Amino acid sequence: MNVKRLLNTEAKEQEVVVKGWIRTFRSNRFLAISDGSTVHTIQAVIDFEKHDDSLLKRLNTGAAVEVKGKLVESQGKGQKVEVLVSDFTILGDADADEYPLQPKRHSLEFLREKAHLRFRTNTFGSVFRLRHAMTFAVHKFFNDRDYFNIHTPIITGSDAEGAGEMFHVTNHDLNAIPKNDKGEVDYENDFFGKETNLTVSGQLEAELAATALSKVYTFGPTFRAENSNTSRHLAEFWMIEPEVAFNDINDNMDLAEEFLQYLCRYALENNRDDVEFLNQREIQENKSKPQQERPELNLIERLEFVVNNTFERITYTEAIEVLQRSKPYKKKKFKYPVEWGKDLQSEHERFLVEKHYNKPVIITSYPASFKAFYMRSNEDEKTVAAMDVLFPGIGEIVGGSQREERLEVLQQKCLDFNIPEEHIWWYLETRKFGTCVHSGFGLGFERLMMFVSGMGNIRDVIPFPRTPGNAEF
RNA sequence: UCCUCCUUAGCUCAGUUGGUUAGAGCAUCUGACUGUUAAUCAGAGGGUCCAAAGUUCGAGUCUUUGAGGAGGAGCCA
């Protein structure tokens, strides 16, 4: 039985076996053992007079142990039950001189460099249990609503997405790259016979499936070779992309809102221990920050806020008007200009979400010029049926749109965006045969994880982050 | 890629205007104590002050360059 189940077991002096790793050994008597099944440890009480001193000395933080004994009600105050140890075995030593994790606070930066061991801390244990729960909740949400999970390719020959810089995939000898007559790289004789990359989005392929299975979603790894050095970007991340036939942009917004609320509620209801631990961690961390930088709501309050409030829905044009009427605009506090046709900057989004509306905001109908080719043109022909969901502290957590389903309009867009039709002939054929209104969006899984865990750096919500200059482990 | 900041003991951090032998807490080791909750108490050991070059009688402290890290911007999820 694991620690999580043992802690919820009635103590009747029954014989139990616990295997796990030592967190602390206090007073030569009290062993706190974690097996990762829960944020809590189980206390094992050792009668030190009955055991060899040299054996007790090896009960260091980090060592793997097996203890046998009776499960009894605890005499102490911190826990309900504990194990009265009759026998214990040290399965794996952890030399206290060398083991880097001590029963004290470590910085997240330090633990990031010890990513192979950071699973053993309370914080990362909670984060990664929560990550599993969110993964499960994503699949449950869609499965319960008759969606089908589609595995879109990770290696792609499609270069039409334009979502960002791509990592090349090749089998060529990089020290002697074969060139063709024109002096260009000879992809014809490469493994796939054409230029290939790691996917930046499964959306185009998901659309193919949606135009037959109606309701589909992808949940897979995504790669961007952008040189982005921020706390919100990774070179390798996981993205969820639902795509739904016959949904228009409003249905799409409804879906995104319901989905995000479901996930936040799931964390609160099913991972209460971990969320509460992370809530306390954040409160402790904020104590050392100046009052201004502390969030108004704590983690649990923020999750409850999302669950209990509808998202504000405004158009890009309305957002510009709100910003132009705002105090920071009039006092010239914004660094970047606010005018129709200019993209919203982080400072503008933050103002709308964190100051003006003070709740999640969905912005729609962006000018076509700074959105992707596949987004559906609105009647005004200046804007497209795009939507961004903005969250406090995170910024853009969801980006999506109604897709352009009219073949001629899409062909014209390809021309405008310099996308050769022969590159995406297969995509265009969905518009040629039985085309239909359809919509979808992308949710960055790690951005969601930042929100539900309260972690401020995206590198701390994925086990082994991939960022520019770092692919350790 | 750009801007700003940081790098001092195993970890978290102090270190004043450039001035003798660079400090604290935790961890480690030795001992005491033994129903503790990051146990407590006493003592001890532990430093290439990120690297290189420079200014200076003298550099942890000032300058330049480099490396690593963080925050912000851009791009986005």
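Owing to the predicted nature of the structure, the values given are computational and were not obtained by experimental measurement. A, B, ... follow the sequence lines: proteins, then strands. Residue 1 opens every chain.
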Inset, instruction - Not counting sequence neighbours, which residues clear side-chain hydrogen bond (donor to acceptor under 3.5 Å, both in side chains) with A/D460? List them please. - result: A/R112, A/R118
Inset, instruction - Applying side chain to side chain contact (heavy atoms under 4.5 Å, CB included), name anything that partners A/E349, two or more places apart in sequence or on another chain. - result: A/L344, A/L390
Inset, instruction - Could you check how far CD of A/E98 sits from P of B/rA27, rounded to whole Å? - result: 19 Å
N/O to N/O distances under 3.5 Å, protein versus nucleotides 47-52 of chain B:
none

Inset, instruction - Determine the contact category for A/I397: base if any of its heavy atoms lies under 4.0 Å from a base atom, sugar-phosphate if only primed atoms, P, OP1 or OP2 are that close, otherwise nothing. - result: sugar-phosphate
Inset, instruction - Report yes or no: does A/N60 contribute a side-chain atom to a donor-acceptor pair with the main-chain N or O of A/A63 at less than 3.5 Å? - result: no
Legend entry - Inter-nucleotide P distance (B/rC13, B/rG54), Å rounded: 33 Å
Legend entry - Euclidean distance, atom CD of residue A/E226 to atom P of B/rC2 [Å, nearest integer]: 15 Å
Legend entry - Sugar-phosphate, base or nothing in reach of A/H106, heavy atoms under 4.0 Å: sugar-phosphate
Inset, instruction - Specify the separation, in whole Å, of atom CG of A/L101 and atom C1' of B/rA27. - result: 12 Å
Inset, instruction - Could you encode protein contacts along nucleotides 29-43 of chain B as a string, one character per nucleotide from 5' to 3', using B for base contact, S for sugar-phosphate-only contact and - for no contact, with a heavy-atom cut-off of under 4.0 Å? - result: -----BBBBBB----
Inset, instruction - Could I get the full list of ring-ring contact (aromatic ring centres under 6.0 Å, His included) partners for A/F237, not counting sequence neighbours? - result: none
Inset, instruction - Kindly confirm or rule out a cation-pi arrangement of A/R145 over A/F141, judged by NZ or CZ under 6.0 Å from the six-membered ring centre and within 45° of its axis? - result: yes
Acceptor/donor pairs from residues 351-362 of chain A side chains to any protein atom, 3.5 angstrom cut, sequence neighbours excluded:
| residue | atom | partner | partner atom | Å |
| --- | --- | --- | --- | --- |
| A/E354 | OE2 | A/G393 | N | 2.9 |
| A/K359 | NZ | A/T310 | O | 3.0 |

Inset, instruction - Using modelled atom types only, decide if a donor and an acceptor are shared between the side chain of A/T199 and the backbone of A/S201 within a distance under 3.5 Å. - result: yes
Legend entry - C1' spacing across the pair B/rG45 / B/rG10, given as an integer number of angstrom: 13 Å
Legend entry - Listed partners of A/N247 passing side-chain hydrogen bond (donor to acceptor under 3.5 Å, both in side chains), at least two apart: none
Legend entry - Base-pairing string, 5' to 3', of RNA chain B - Watson-Crick or wobble, under 3.5 Å, | interstrand: (((((((..((((.....[...)))).(((((.......))))).....(((((..]....))))))))))))....
Inset, instruction - Please report, rounded to the nearest Å, how far the P atom of B/rC76 is from the CD1 atom of A/I394. - result: 18 Å
Legend entry - Check ion pair A/E109-A/R459 (N to O, under 4.0 angstrom): no
Legend entry - A/A133: side chain to side chain contact (heavy atoms under 4.5 Å, CB included) partners, not counting sequence neighbours: A/Y266, A/N271
Inset, instruction - Please state the C1' separation for the pair B/rC62 and B/rC49 - nearest whole angstrom. - result: 15 Å
Legend entry - Nearest heavy atoms of A/S86 and A/G69, plus distance in Å: OG-CA, 3.8 Å
Inset, instruction - List for me each residue that meets side-chain hydrogen bond (donor to acceptor under 3.5 Å, both in side chains) alongside A/H116, sequence neighbours excluded, and say none if there are none. - result: none
Inset, instruction - Going 5' to 3' through nucleotides 67-73 of chain B, assign each nucleotide B (protein heavy atom under 4.0 Å from a base atom), S (under 4.0 Å only from sugar-phosphate atoms) or - (no protein heavy atom that close). - result: --SSSBB
Legend entry - Span that lies between the C1' atom of B/rU12 and that of B/rG69, in whole angstrom: 16 Å
Inset, instruction - With C1' as the reference atom in both, quote the distance from B/rU40 to B/rG25 in angstrom, rounded to an integer. - result: 15 Å
Legend entry - Which residues share a side-chain hydrogen bond (donor to acceptor under 3.5 Å, both in side chains) with A/N2, sequence neighbours left out: none
Inset, instruction - Give the ring-plane orientation class for A/F451 versus A/F391, where under 30° counts as parallel, over 60° as perpendicular and anything between as tilted. - result: perpendicular
Inset, instruction - For nucleotides B/rG46 and B/rC3, find the distance between their C1' atoms and express it as a whole number of Å. - result: 39 Å
Legend entry - Nearest-angstrom distance from the residue atom CD1 of A/I458 to P of B/rC76: 16 Å
Legend entry - B/rG60 to B/rA70 separation - P atoms, rounded to the nearest Å: 28 Å
Inset, instruction - Using the P atom on both, measure B/rU56 against B/rU63 and round to a whole Å. - result: 16 Å
Inset, instruction - Output yes when a side-chain donor or acceptor of A/K413 lies under 3.5 Å from a complementary backbone atom of A/M375, and no otherwise. - result: yes
